[in-house]
Structures are given as structure tokens and as C-alpha cells.
Novice: 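Supplied in C-alpha cells, the structure appears directly below.
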There are 2 protein chains.
Amino acid sequence: MAKQRNTQQRQIIESILRETDHPLLPKELLEIAHQSLPSLGIATVFRALKDLVKEGVAHPVHICCEPTRYEGARDHHHHFKCLDCGTVFDLHSCTGNLESMLPSNFQLLAHDITLFGKCADCTSH
Amino acid sequence: MAKQRNTQQRQIIESILRETDHPLLPKELLEIAHQSLPSLGIATVFRALKDLVKEGVAHPVHICCEPTRYEGARDHHHHFKCLDCGTVFDLHSCTGNLESMLPSNFQLLAHDITLFGKCADCTSH
DNA sequence: ATATGTGCAAAGCATTTGCGGAGAT
DNA sequence: ATCTCCGCAAATGCTTTGCACATAT
């Protein structure tokens with residue numbers, strides 16, 4: 001892979017991912033980035049995200065029937081989507097014992113867990 | 001909701017879902033259906049799937065960066081995707097203790113778990 | 001100086017929708 | 001006979017790509 005250039009647009013995209021505590025849609029990321037760089041195009045956002053995922057700096061987050069969101073790489077964690085308000089929260093613990101779900105001779109390399117329900121705010125209303 | 005008609009195309013689509021033991025892409029479903037009804041169109045597949053999901057007869061399955069698959073309604077289960085051959089398998093057990101992942105005052109209503117790795121066939125090669 | 005990155009616009013897919021005609025009731 | 005469903009083709013929304021120019025090295 002060729003050497004990567006340190007452009008203004010990549011810096012902005014990386015820093016937004018780093019500073020945001022929940023996964024973002026490419027469109028949302030673009031809107032935030034437009035505050036510092038109005039000329040930024042959506043194609044650049046997709047190209048940067050693809051590269052950052054390849055480098056392990058960003059992770060794709062797939063939820064239900066919606067377009068892929070992206071978040072900065074952090075500790076291993078999963079997500080909770082509130083069915084009332086739609087917000088996606090990070091969850092910071094992880095259940096064990098997933099191996100027990102596998103048929104024999106299957107090898108477990110990774111897993112996705114997404115929980116759905118009502119967040120604290122929506123539960124209290 | 002208006003009364004649903006019992007057309008040949010819906011019968012075929014339902015029976016394919018019922019007889020297949022893993023989730024199918026709309027495109028794959030269409031190809032199988034073409035064997036019994038070559039004139040079937042993809043729009044009809046999408047319309048039928050949307051109705052069947054609403055009726056609870058089919059479930060959408062979301063995996064990674066791929067288009068939504070669909071499967072007939074069965075017992076609660078999850079999925080395993082082989083990273084080598086791409087096949088999606090049903091898993092018939094389910095881990096407990098997901099509640100422990102939640103922040104306080106969050107209410108758990110549903111969950112998705114997808115495991116990734118190598119299936120028995122690909123492990124042995 | 002040179003090769004990579006960018007913005008724009010066009011292309012590609014997956015999915016949805018409008019419409020006139022076919023088929024189920 | 002009527003009203004829903006179908007197939008087709010056009011439209012939509014998200015994502016990718018080609019190209020000419022800009023810019024980091």
C-alpha cells in the first residue's frame with residue numbers, strides 16, 4: 001500500500017471520529033466537517049472512511065435496516081439502540097461464552113452484538 | 001390492512017423461505033423462484049418480503065456490509081458468517097446474561113448476535 | 001516534479017414506486 | 001365486475017468511480 005498523505009480533510013475526518021462518542025453516519029460526519037471545511041465532498045468522506053477502516057483506525061457499525069455508521073477505534077465494545085428515540089449508545093462490557101453457540105469444528109474469530117430496548121431517558125417517561 | 005390475495009408468486013416466495021435453512025438475499029430468492037416462475041420480477045419479491053416481515057412470517061437478517069437477507073420465521077436463533085466462503089449459517093443456541101451489558105435503567109427488549117469465523121469445511125482446508 | 005488526494009458529476013447497486021394491465025375474489 | 005397484485009421501467013438513496021485539477025511530499 002502506498003504512503004498516505006496527511007491532508008486537511010483526513011485530519012478533520014479523523015479528529016471528528018476521535019472526538020465523537022457514538023457512531024456517525026457518513027452524512028452526519030460530512031455535516032460536522034462542513035463547519036471547518038465547507039468545500040469537503042461526500043466522496044472524500046467515503047474514501048477516507050474506507051482507508052481508515054482498512055488501517056484499523058475506524059470501525060463500521062451495522063444496525064438494523066440503516067446505512068452503515070462509523071466510529072473511531074476504541075476498546076472492544078458493542079451497541080444499544082433505543083427503539084423509542086433511535087439513539088445508538090456504546091456499551092462497555094461484553095458477555096462471555098459465545099464459543100458455546102458454535103457447531104463443532106467451527107472457529108470463532110469475531111462477533112457483533114447489538115441490543116435493542118429503551119434507554120434510561122425513554123424508560124422514565 | 002386489506003385482505004391479502006393468495007397468488008402464485010406469494011405462495012412460491014413463502015415456500016422457498018420455509019424450505020431454506022439459511023437466510024437468503026432477495027436476488028438469491030428470485031433466482032430460486034425463477035425455476036418455478038420465470039416471469040417473476042424483483043419488485044414483487046421485495047413487496048412480498050416487506051409484507052411477510054410485517055406479518056411476522058419472515059425476518060430480516062443484517063450482516064456486516066451486505067444487503068439484507070431474509071429467512072422464514074423460526075425459533076429464536078442467531079447467525080454465523082464464514083469469513084472464507086461467505087456462507088451464513090443458523091446457530092441454534094443463545095448465550096445468556098446480556099442484561100449485564102446494560103447501563104442502569106436501560107430496558108432490554110431484543111438483541112442481535114452475529115458470529116464470524118471459519119466454518120467446519122473451511123477450517124479443515 | 002511527481003504521484004496521491006480532492007471535488008465534481010456520472011455510474012452502480014439495492015430498494016421503492018407509478019402505472020397500465022393481469023389475475024384473484 | 002371489482003379491486004388487488006404483478007411486471008416493467010423509472011426513480012430514489014447510498015456508495016463508488018473516472019477524470020481533471022490541486023496539493024503534500
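Letters A, B, ... are given to chains in the order of the sequence lines, protein chains preceding strands, and every chain is numbered from 1. Everything quoted here is computed from the prediction, not taken from an experiment.
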Novice: Just do the side chain to side chain contact (heavy atoms under 4.5 Å, CB included) check on I32(A) and L24(A) with the steps written out, would you?
Specialist: CA-CA 10 Å; I32(A) 298 172; L24(A) 293 169; 4.2 Å; yes
Novice: Does I42(A) reach a base, just sugar-phosphate, or nothing at all? Heavy atoms under 4.0 Å.
Specialist: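 No contact at all - I42(A) keeps every heavy atom at 4.0 Å or more from the nucleic acid.
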Novice: Between dT16(C) atom P and K27(B) atom NZ, what is the distance in whole Å?
Specialist: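 Atom NZ in K27(B) sits about 15 Å away from atom P in dT16(C).
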Novice: Under a 3.5 Å threshold, yes or no: a donor from one side chain and an acceptor from the other, between H59(A) and H76(A)?
Specialist: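 The criterion, which ignores hydrogens and geometry beyond distance, is not satisfied for H76(A) and H59(A).
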Novice: Can you identify which nucleotide, out of dC5(D), dT15(C), dG7(D), has its nearest atom closest to the F46(B) side chain?
Specialist: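 Among the listed nucleotides, the one closest to the side chain of F46(B) is dT15(C).
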Novice: Rounding to a whole Å, what distance do you find between Y70(A):OH and dC14(D):P?
Specialist: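 Going from Y70(A) (OH) to dC14(D) (P), I get 13 Å.
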Novice: Nearest to the R10(A) side chain among dT15(C), dT6(C), dT16(D), which nucleotide is it?
Specialist: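 Shortest atom-to-atom distance from the side chain points to dT6(C).
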Novice: How long is the line joining CG of L40(A) and P of dT23(D), in whole Å?
Specialist: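 The distance from CG of L40(A) to P of dT23(D) comes to 14 Å, rounded to the nearest Å.
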Novice: If you look at every strand shown and take non-hydrogen atoms under 4.0 Å, does Q8(B) touch a base, only sugar-phosphate, or nothing?
Specialist: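 Touches nothing.
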Novice: Using a cut-off of strictly less than 4.0 Å, decide whether Q9(B) has a side-chain nitrogen or oxygen near OP1 or OP2 of dG7(D).
Specialist: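 Yes, within the criterion.
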Novice: Between the side chain of E19(A) and the main-chain N/O of I16(A), is any donor-acceptor distance below 3.5 Å?
Specialist: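 No: the side chain of E19(A) does not pair with the backbone of I16(A).
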Novice: Taking CD from E66(B) and C1' from dG12(C), how many angstroms apart are they, rounded to a whole number?
Specialist: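 My rounded result for the distance is 17 Å.
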Novice: Output the rounded distance in Å from CG (D51(A)) to C1' (dT15(D)).
Specialist: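 About 15 Å, once rounded to whole Å.
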Novice: Could you work out which one of dG7(C), dT15(C), dG7(D) sits closest to the side chain of L37(B)?
Specialist: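 The answer is dG7(D).
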Novice: Could you tell me how far apart L52(A) (CG) and dT15(D) (P) are, to the nearest whole angstrom?
Specialist: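 After rounding, the reported distance stands at 16 Å.
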Novice: Taking the side chain of Q4(B) as its heavy atoms from C-beta onward, which of dC5(D), dT25(D), dG7(D) lies nearest to it?
Specialist: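 Of dC5(D), dT25(D), dG7(D), dC5(D) is nearest to the side chain of Q4(B).
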Novice: Phosphate oxygens OP1/OP2 of dT6(C): is one of them under 4.0 Å from a side-chain N or O of T7(A)?
Specialist: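 For T7(A), the contact criterion (side-chain N or O under 4.0 Å from OP1 or OP2 of dT6(C)) is met.
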Novice: What is the distance, to the nearest angstrom, from the CG atom on L30(B) to the C1' atom on dG7(D)?
Specialist: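 Those two atoms, CG and C1', are 12 Å apart.
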Novice: With the side chain of P26(B) defined as its heavy atoms from C-beta on, choose the nearest nucleotide among dC6(D), dT15(C), dT17(D).
Specialist: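 The answer is dT15(C), which lies nearest to the side chain.
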Novice: Would you say H77(A)'s side chain and D75(A)'s backbone share a donor-acceptor pair under 3.5 angstrom?
Specialist: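 Yes, the answer is positive, given that a donor and an acceptor are paired below the 3.5 Å cut-off.
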Novice: Please verify the inter-ring angle class for H78(A) with H111(A); under 30° counts as parallel, over 60° as perpendicular, anything in between as tilted.
Specialist: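 Tilted, since the angle between the ring planes falls between 30° and 60°.
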Novice: Round to a whole Å and report the spacing from NZ of K50(B) to C1' of dA14(C).
Specialist: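 In whole Å, dA14(C) C1' lies 13 Å from K50(B) NZ.
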Novice: Which protein N or O atoms sit under 3.5 Å from an N or O of nucleotides 18-22 of chain C?
Specialist:
residue: dG18(C); atom: O6; partner: R47(B); partner atom: NH1; Å: 3.3

Novice: Is the H79(A) to H62(A) ring centre distance short of 6.0 Å?
Specialist: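 Ring centres of H62(A) and H79(A) not closer than 6.0 Å.
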Novice: For the rings on F80(A) and F106(B), is their centre-to-centre separation under 6.0 Å?
Specialist: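 Aromatic pair counts; centres sit under 6.0 Å.
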